[in-house]
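Note sheet for the following structure.
Both counts, for ligands and for their atoms, begin at 1 and track the order of listing.
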Amino acid sequence: MNDRRGEPPGVDPVLLVIGAVAVWGLILVGLIVAAVVVDEPVEVLAEREIVVELSEFEIHPDIIEVGPGTDLTFRIENVGENQHDLHISDEIGTERIEPGGSDVLAAGVVEGSYAIWCSIKGHREQGMEGRVELTDIAPALPGEAA
Ligand SMILES: [Cu+2]
């Protein structure tokens with residue numbers, strides 16, 4: 001019988017080997033995935049311009065469905081009576097748009113669904129929020145520019 005009570009506490013060497021192999025395996029998989037992702041160019045299958053209207057307190061249309069590979073541009077019109085803006089992330093968005101004003105936001109190729117919102121304090125909570133939804137097909141939208 002193998003009595004290990006006399007040995008210093010530690011990890012079984014077999015487990016160490018298994019752990020090392022697992023770690024190297026994960027690193028290898030990570031490198032392969034990174035190489036594939038880096039090598040694959042973003043394929044633009046369609047360019048779409050969507051007219052989005054901002055008002056108190058909504059974004060219209062609030063659901064924008066686009067197909068894979070869509071290079072999306074927002075043409076934003078503030079039809080409300082207060083300043084508004086349109087954000088697609090915390091970092092990316094328009095400046096504040098005056099009532100009656102407009103702006104253009106190039107959102108780039110849609111790679112997944114995401115939220116859009118007005119970043120002015122309290123506006124998102126009151127309803128100025130929408131979503132870009134990535135779908136298999138891209139139906140024509142009422143707000144779409146010709
Ligand atoms: Cu707003």
Subject >> Shortest non-hydrogen separation from A115 to R124 and the atoms involved >> reply: CB-NH2, 3.9 Å

Original post:
Under the 3.5 angstrom rule, does the side chain of T94 hit a backbone N or O of L86 as a donor-acceptor pair?
Top reply: yes

Original post:
Between the main-chain N or O of A106 and the side-chain N or O of T73, is there a donor-acceptor pair closer than 3.5 Å?
Top reply: no

Subject >> Angle subtended at the Cu ion (ligand 1) by M128 SD and C118 SG, rounded to 10 degrees >> reply: 110°

Original post:
When you measure from the Cu ion (ligand 1) to each N, O or S atom of H123, which atom gives the shortest distance?
Top reply: ND1

Original post:
Which atom, counting only N, O or S, brings H84 closest to the Cu ion (ligand 1)?
Top reply: ND1

Original post:
Would a 4.5 Å heavy-atom cut-off, applied to side chains only, mark Q83 and E98 as touching?
Top reply: yes

